[in-house]
Undergrad: 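Can you read through this structure? Questions will come right after.
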Amino acid sequence: MSTTTTPSTPGRAAVPGPGGPDSRPAAAPRVVRQRRHRPGLIALSVALIAAGGLSGALLFTASGQRTAVLVVARDVPVGAAISDADLAPASLALDPAVKAVPVAKKKTMVGQRAAVALKAGALLSPGQVTSVSLVKAGEQLVGVALKPSQLPASRLAPGQKVVIVSTPDAAGQVAGGKPAEPVGAPKTVAATVVAVGVAAPATGVVVVDVAVPATDGPALAARVATGAIALILAPQEGS
C-alpha cells in the first residue's frame with residue numbers, strides 16, 4: 001500500500017485540517033490606540049505650576065521681611081503719660097496696611113499721653129497717642145486727697161468724668177455728735193480725672209489729680225483742705 005506525502009512549504013507551519021484537535025480560528029491582533037497629545041493643555045499646566053511656584057516664593061520672601069516696631073510693655077490708662085518702661089521693641093512681619101510705630105521713634109513717644117487705654121502686648125499705632133493734655137485751656141489742676149470711704153471702689157482712670165461733692169464737716173455737727181442736716185443740695189464740682197496716685201500703705205489715702213474750671217479751682221482746694229468732700233463717678237459718654 002502506497003502513502004502520499006504532502007510536502008510542506010518552508011517557513012510556514014502546517015495548519016491542522018478541519019476536525020483536528022485545534023480547529024479554532026486564530027485571534028485577530030489587538031490594535032493599540034495611541035493617545036493624542038494636546039500641546040495647549042500641557043503648556044497651560046506648565047504655566048500654572050510655574051505661577052504657583054512664583055507665588056509661593058514671593059510669599060516666603062515677604063514673610064521673611066520683619067520690621068522693628070514698638071509694642072506696649074504694660075497697661076497704660078487713657079490720658080496717662082507714656083514712659084520709657086511702657087514700651088518695648090519687637091520684630092514682626094507686618095502687612096503694609098498695618099500702621100505701626102518704628103523702634104527708631106521711641107523717644108518721640110515717651111512723654112506723650114495715651115489717647116486710648118493701652119494693653120500690654122498690643123502693637124502701638126500712631127493714632128493711640130496724643131500730645132494734648134487732659135487739662136484744657138481755662139481749667140486748673142487740683143490734687144484731691146481721698147480716703148477709701150470718700151471714693152468709689154471702682155478703679156479710677158485718667159479721662160473719667162467725676163463729680164466732687166462737698167460733705168458736712170466736723171464744724172457743722174450739732175450737740176450729741178450728729179451731723180447737721182445739709183441746707184439745700186450739696187455743692188458739687190464737675191471734674192475730669194487726670195492722674196491717680198498710689199494708695200498710702202498705712203491710711204489708704206489716694207491723691208487724685210482732677211481738672212476743674214478755673215473759677216472752681218480755689219474753692220475746691222480750700223474744701224479739700226478740710227477733708228469734707230467725696231468723689232462720685234459721673235455718667236460716662238455712651239453709657
Side-chain angles (χ1 to χ4, degrees), residues 70-88 101 106-122 124-125 127-172 179 186-239:
L70 292 175
V71 296
V72 182
R74 57 187 181 183
D75 291 350
V76 181
V78 59
I82 299 174
S83 66
D84 184 82
D86 294 331
L87 304 176
V101 179
K106 182 177 182 179
K107 291 184 178 180
T108 63
M109 294 294 105
V110 175
Q112 297 202 47
R113 296 185 180 275
V116 297
L118 304 178
K119 298 298 182 182
L124 182 68
S125 65
Q128 294 177 329
V129 298
T130 180
S131 58
V132 179
S133 173
L134 291 177
V135 182
K136 302 179 177 62
E139 293 182 336
Q140 292 180 340
L141 187 66
V142 180
V144 182
L146 298 166
K147 299 177 182 178
S149 60
Q150 293 175 299
L151 74 166
S154 300
R155 183 179 178 182
L156 297 176
Q160 282 183 312
K161 301 297 182 182
V162 296
V163 177
I164 309 297
V165 183
S166 296
T167 59
D169 54 16
K187 294 182 179 180
T188 61
V189 177
T192 302
V193 177
V194 175
V196 181
V198 179
T203 61
V205 173
V206 178
V207 176
V208 181
D209 289 345
V210 296
V212 297
T215 54
D216 296 328
L220 177 59
R223 197 62 179 174
V224 169
T226 67
I229 57 173
L231 183 148
I232 61 176
L233 290 176
Q236 306 300 309
E237 294 181 2
S239 60

Undergrad: Using 0.5 Å steps for rounding, measure from the CG atom of Leu87 to the CE atom of Met109.
TA: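 Atom-to-atom, Leu87:CG and Met109:CE are 8.5 Å apart.
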Undergrad: Can you give me the closest heavy-atom contact between Leu233 and Pro152, atom names plus distance?
TA: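 Looking at all heavy atoms of both residues, the shortest contact is CG-CG, 4.1 Å.
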Undergrad: Test of understanding: with salt bridge (Lys or Arg N to Asp or Glu O under 4.0 Å), list the residues that count as partners of Asp84, not counting sequence neighbours.
TA: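 Applying salt bridge (Lys or Arg N to Asp or Glu O under 4.0 Å) to Asp84 gives Lys106.
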Undergrad: Can you find a pair of side-chain heavy atoms, one from Val189 and one from Val142, that are under 4.5 Å apart?
TA: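 Answer no - side chains too far apart.
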Undergrad: Rounded to the nearest 0.5 Å, what's the gap from CZ on Arg74 to CG on Leu118? Could you check?
TA: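 So the CZ of Arg74 and the CG of Leu118 are separated by 12.0 Å.
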Undergrad: Would you indicate whether the side-chain heavy atoms of Asp86 and Val110 approach each other to under 4.5 Å?
TA: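 When only atoms from C-beta onward are counted, Asp86 and Val110 do not touch, as no gap falls below 4.5 Å.
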Undergrad: Is there a side-chain contact between Thr108 and Val101, using heavy atoms and a 4.5 Å cut-off?
TA: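 No, side chains not in contact.
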Undergrad: Could you check whether any side-chain heavy atom of Leu151 comes within less than 4.5 Å of a side-chain heavy atom of Val144, counting everything from C-beta outward?
TA: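 A side-chain contact under 4.5 Å is absent here.
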Undergrad: Within a strict 4.5 Å, meaning less than it, do heavy atoms of the Leu220 and Val210 side chains meet?
TA: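 Counting from C-beta outward, Leu220 and Val210 do come under 4.5 Å.
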Undergrad: How long is the straight-line distance from CD of Gln150 back to CD1 of Ile229, given to the nearest 0.5 Å?
TA: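 Interatomic distance, Ile229 CD1 to Gln150 CD, rounded to 0.5 Å: 6.0 Å.
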Undergrad: Minimum heavy-atom separation for Ala114 to Val76, with atom names?
TA: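 Smallest interatomic distance, heavy atoms only, reads CB-CG1, 3.9 Å.
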Undergrad: Could you tell me the separation between the CD atom of Gln128 and the CD atom of Gln112, rounded to the nearest 0.5 Å?
TA: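 The CD atom of Gln128 sits 12.0 Å away from the CD atom of Gln112.
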Undergrad: Minimum heavy-atom separation for Ala211 and Val135, please, with both atom names.
TA: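 Looking at all heavy atoms of both residues, the closest pair is CB-CG2, 4.2 Å.
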Undergrad: Measure the shortest side-chain to side-chain distance between Ser133 and Glu139 over non-hydrogen atoms and say whether it is less than 4.5 angstrom.
TA: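 No - every pair of side-chain heavy atoms lies 4.5 Å or more apart.
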Undergrad: Of all heavy-atom pairs between Pro158 and Ala195, which one has the smallest distance, and what is that distance?
TA: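 Where Pro158 meets Ala195 most closely, the heavy atoms are CG-CA, 4.4 Å.
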Undergrad: With rounding to the nearest 0.5 angstrom, report the CD1 to OG1 distance, Ile164 to Thr188.
TA: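 So the CD1 of Ile164 and the OG1 of Thr188 are separated by 10.0 Å.
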Undergrad: To check you understand the geometry: which heavy-atom pair defines the closest contact between Gly204 and Ala199, and what is its length?
TA: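 The pair with the smallest heavy-atom distance is O-CB, 3.9 Å.
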Undergrad: Taking only residues two or more places apart in sequence, or in another chain, which ones meet Thr192 in a side chain to side chain donor-acceptor pair (under 3.5 Å)?
TA: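 Thr192 satisfies side chain to side chain donor-acceptor pair (under 3.5 Å) with Lys161 once adjacent residues are dropped.
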Undergrad: What closest approach, in Å, do Ala120 and Asp75 show between heavy atoms, and which atom pair accounts for it?
TA: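 For Ala120 and Asp75, the tightest heavy-atom pair comes out as N-OD1, 2.8 Å.
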